[in-house]
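Each ligand, and each atom within it, is numbered from 1 in the order the structure gives. Sequence positions, counted from 1, serve as the residue numbers for this chain.
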Amino acid sequence: MTKISKAACIGGGVIGGGWIARFLLAGIDVDVFDPHPEASRIVGEVIANAEKAYAMLTGAPLPPRGRLRFCQTLVEAVTDADWIQESVPERLDLKRGVLTEIDAAARPDALIGSSTSGLLPTDLQRDMRHPERLFVAHPYNPVYLLPLVEIVGGEKTSAATIRAAMERLPPIGMKGVHIAKEIEAFVGDRLLEALWREALWLIHDDICTVETLDDVIRYSFGLRWAQMGLFQTYRIAGGEAGMRHFLAQFGPCLAWPWTKLTDVVDLDEALIEKIGRQSDEQAAGLSIRELERIRDENLVGILQALKGGDGGKGWGAGKLLKDFERTLWAEGGGEAMPADPSRSLRLVETKVSPAWVDYNGHMTEHRYLQVFGDTSDALLRLVGVDLAYVEAGHSYYTVESHIRHLGEAKLGQAIHSACQILSADEKRLHVFHTLHDTATGELIATAEQMLLHVDSKAGKAVAAPAAVLDRVKAIAASHAELALPEGAGRHVGQRR
Ligand SMILES: NC(=O)C1=CN([C@@H]2O[C@H](COP(=O)(O)OP(=O)(O)OC[C@H]3O[C@@H](n4cnc5c(N)ncnc54)[C@H](O)[C@@H]3O)[C@@H](O)[C@H]2O)C=CC1
Ligand SMILES: C[N+](C)(C)CC(=O)CC(=O)[O-]
């Protein structure tokens, strides 16, 4: 995998800010140029949102955050970057000017992506001296959570540039799709604009309000689209005969027609006011920041659900997240032994994700087992039982767990776990985990677990190899000095 080593972002608004957060959280240093007097505050707020979202999204070890620097000039920002992302307002003359400046100052091998939503790369690259390295890299808002990037080349873009751009997206958790031919608005915004144009007619003609229209989307096909696109969904809608039957049944409707797509509604003052008023009513007083928070929490929940799709293999954007996490574990999972093994080991730091909260408004019981399971996994990586070890045919399996719930964990709350090894021998590993509120240290739950070292192909317990045992025993010997934790050895029951 070829990685971006240093990024430059020109423009730090809604989309530039999202790119900055995406790069930083993938461990990449970013230099930013944006003349807006409040650029650093705006970008800081986007990064804060992104950090909150990632803390809920994944327990995988993110690399240390990249370094962020605001530059006084565009030249200073792009000079030593190998990926430059332009995200200035959607005006051809402005973008051409900015891209020409970037072109003159960038390294010869730098990749230059434009976030444009619809301008043709051939038009953007017209005045560049090295147009072969310019491509459209069109993302979706919020860039730090939505993984798709449409990669579009212009007439002068080289095939090598497209290949290089596509290769650099998976290491930052993104999925590039190469659009075969350039066309205004590419694929995503072509579809969205068609939908939006029709939606504006429906409001204009008083067929429904903006709220009803949004409900129609979010309670129905919006849910479907997050997991299967248009064609796969319609294939299923054709019943056992699939797509061919679907086309035969619904193809003729296209000619009736059901839509007004070619007519553009006149966005006059009256219509703007009508949409503005209905949109204000729909927001019911929630600010843009509050709506962003709700959006991010929902997206995290959806991505996590998709991660468990297709029988746990992951599906669509959830599979991408799963693959990204595998890379993070492989790269960051080989943790060093703790500097001070004589204390319980602080192993998992996370936040309570929206998908973890139940009807009682707090973290639901099986998520405790998930966090404690993650804690055992972190301990195992520490002693050398990582993905490569498991794939080679050996692992530890949990054979018994006892969880006590002593407090509550609420949505978004920062929590961490710690582990004490109670005892260990060739096959057995007896651990005691605690879960704490990170802000106060308050104990929320404990879990006592017994794990067995297994030969997973043979399906039986076997002695762990010396390399693993030495590490387990070193920690266990230090932990033997600690007091037995309160609650260890407890069983479920009451006096009769
Ligand atoms: N907002 C959205 O939903 C999406 C927007 N895009 C595209 O991203 C690009 C940026 O759009 P937004 O972020 O929404 O706009 P925005 O208005 O939020 O941000 C634009 C930023 O560019 C800065 N800027 C203006 N002139 C500049 C210059 N010469 N050099 C450096 N910075 C400059 C502005 O100060 C501002 O912070 C556009 O091409 C847009 O089509 C792409 C995907 C989604
Ligand atoms: C409205 N928009 C054209 C700027 C939208 C996009 O480009 C993509 C998105 O995030 O919806």
Margin query: With a 4.0 Å heavy-atom cut-off, what residues sit around ligand 2?
Written below: Ser117, His138, Tyr140, Asn141, Asp189, Leu192

Next item on the list: Examine ligand 1 and decide if any of its atoms is less than 4.0 Å from a heavy atom belonging to Ala39.
Entry: no

Next item on the list: Apply the test side chain to side chain contact (heavy atoms under 4.5 Å, CB included) to residues Val265 and Asp263: give CA-CA distance (whole Å), side-chain angles for both, the deciding distance (0.1 Å), then the verdict.
Entry: CA-CA 6 Å; Val265 68; Asp263 300 335; over 6 Å; no

Checklist line | Heavy-atom nearest neighbour in the protein, as seen from atom 22 (O) of ligand 1, with distance rounded to 0.1 Å | finding: Pro89 CD, 3.5 Å

Would you tabulate the side-chain donor-acceptor contacts of residues 11-24 under 3.5 Å, counting partners in other chains and residues two or more places apart, or write 'none'?
residue: Trp19; atom: NE1; partner: Ser115; partner atom: OG; Å: 3.1
residue: Arg22; atom: NE; partner: Val143; partner atom: O; Å: 3.0
residue: Arg22; atom: NH1; partner: Ile172; partner atom: O; Å: 2.9
residue: Arg22; atom: NH1; partner: Gly173; partner atom: O; Å: 3.4
residue: Arg22; atom: NH2; partner: Val143; partner atom: O; Å: 3.1
residue: Arg22; atom: NH2; partner: Tyr144; partner atom: O; Å: 3.2
residue: Arg22; atom: NH2; partner: Leu146; partner atom: O; Å: 3.4

Note to self: Measuring from non-hydrogen atoms of Lys95 to any atom of ligand 1, is the shortest distance under 4.0 Å?
What the structure shows: yes

Next item on the list: Name the closest protein heavy atom to atom 4 (C) of ligand 1, giving the residue it belongs to and the distance to 0.1 Å.
Entry: Ile15 CG1, 3.2 Å

Notebook entry, point to check: Among protein heavy atoms, which sits nearest to atom 23 (C) of ligand 1, and what does the distance come to when rounded to 0.1 Å?
Noted result: Asp34 OD2, 3.3 Å

Check: Taking atom types as modelled, is there a side-chain donor on Glu325 or Thr58 under 3.5 Å from an acceptor on the other?
Finding: yes

Next item on the list: Just do the side chain to side chain contact (heavy atoms under 4.5 Å, CB included) check on Met174 and Phe324 with the steps written out, would you?
Entry: CA-CA 9 Å; Met174 297 188 97; Phe324 181 51; over 6 Å; no

Notebook entry, point to check: Where is the nearest protein heavy atom to atom 27 (C) of ligand 1: which residue, which atom, and how far?
Noted result: Val88 CG1, 3.7 Å

Next item on the list: Take Lys313 and Lys319, measure what side chain to side chain contact (heavy atoms under 4.5 Å, CB included) needs, and give me the verdict at the end.
Entry: CA-CA 7 Å; Lys313 293 203 284 278; Lys319 171 138 185 3; 5.5 Å; no

Margin query: Give me the nearest non-hydrogen protein atom to atom 10 (C) of ligand 1 as residue plus atom name, then the distance to 0.1 Å.
Written below: Ser87 O, 3.4 Å

Next item on the list: Considering only non-hydrogen protein atoms, determine which one is nearest to atom 19 (O) of ligand 1 and report residue, atom name and distance to 0.1 Å.
Entry: Gly13 CA, 3.3 Å

Margin query: Distance under 4.0 Å to a non-hydrogen atom of His138: what atoms of ligand 1 satisfy this?
Written below: 42 (C), 43 (C)

Notebook entry, point to check: Taking heavy atoms and a distance under 4.0 Å, where does Tyr140 meet ligand 1: side chain, backbone, both or neither?
Noted result: neither

Margin query: I'd like to know if the side chain of Arg235 pairs up with that of Gln232 as donor and acceptor (distance under 3.5 Å, no hydrogens or angles considered).
Written below: no

Next item on the list: Give the residue and atom name of whichever protein heavy atom lies nearest to atom 18 (O) of ligand 1, and the separation in Å to one decimal.
Entry: Val14 N, 3.0 Å

Output a table of donor-acceptor pairs, distance under 3.5 Å, between side-chain atoms of residues 356-366 and any protein atom two or more places apart or on a different chain; print 'none' if there are none.
residue: Asp358; atom: OD1; partner: Asn360; partner atom: N; Å: 2.8
residue: Asp358; atom: OD1; partner: Gly361; partner atom: N; Å: 3.4
residue: Asp358; atom: OD2; partner: Thr364; partner atom: OG1; Å: 3.1
residue: His362; atom: ND1; partner: Glu408; partner atom: OE2; Å: 2.6

Solution key, residues 176-187 side-chain donor-acceptor pairs under 3.5 Å, sequence neighbours excluded:
residue: Glu182; atom: OE1; partner: Thr122; partner atom: N; Å: 3.1
residue: Glu182; atom: OE1; partner: Thr122; partner atom: OG1; Å: 3.3
residue: Glu182; atom: OE2; partner: Thr122; partner atom: OG1; Å: 2.2

Checklist line | Short N or O distance, Ser117 and ligand 1, threshold 3.5 Å exclusive | finding: yes

Checklist line | Residue, atom name and distance, where the atom is the protein heavy atom closest to atom 30 (N) of ligand 1 | finding: Phe33 CE2, 3.6 Å

Item checked: Short side-chain donor-acceptor distance under 3.5 Å, Ser5 and Asp82 -> yes

Margin query: Restricting to non-hydrogen atoms, name the atom on Ala165 and the atom on Ile151 that form the minimum distance, rounded to 0.1 Å.
Written below: CB-CD1, 4.2 Å

Margin query: Within ligand 1, which atoms have a heavy atom of Pro139 less than 4.0 Å away?
Written below: 43 (C)

Next item on the list: Provide the closest heavy-atom pair for Leu271 versus Asp268 in the form atom of the first, atom of the second, distance.
Entry: N-OD1, 2.9 Å

Next item on the list: Assess whether side chain to side chain contact (heavy atoms under 4.5 Å, CB included) is satisfied between Leu99 and Glu86, documenting all intermediate values.
Entry: CA-CA 8 Å; Leu99 287 167; Glu86 169 276 304; 4.1 Å; yes

Checklist line | Per-atom contacts, ligand 1 versus Thr116 - under 4.0 Å to a heavy atom | finding: 39 (O)

Checklist line | Residue among Glu90, Arg91, Lys95 satisfying side chain to side chain donor-acceptor pair (under 3.5 Å) with Thr116 | finding: Glu90

Next item on the list: Return the orientation label for the Trp201 and His204 ring planes: parallel under 30°, perpendicular over 60°, tilted otherwise.
Entry: perpendicular

Check: If you measure from each non-hydrogen atom of Val98 to ligand 1, which part falls under 4.0 Å: side chain, backbone, both or neither?
Finding: side chain

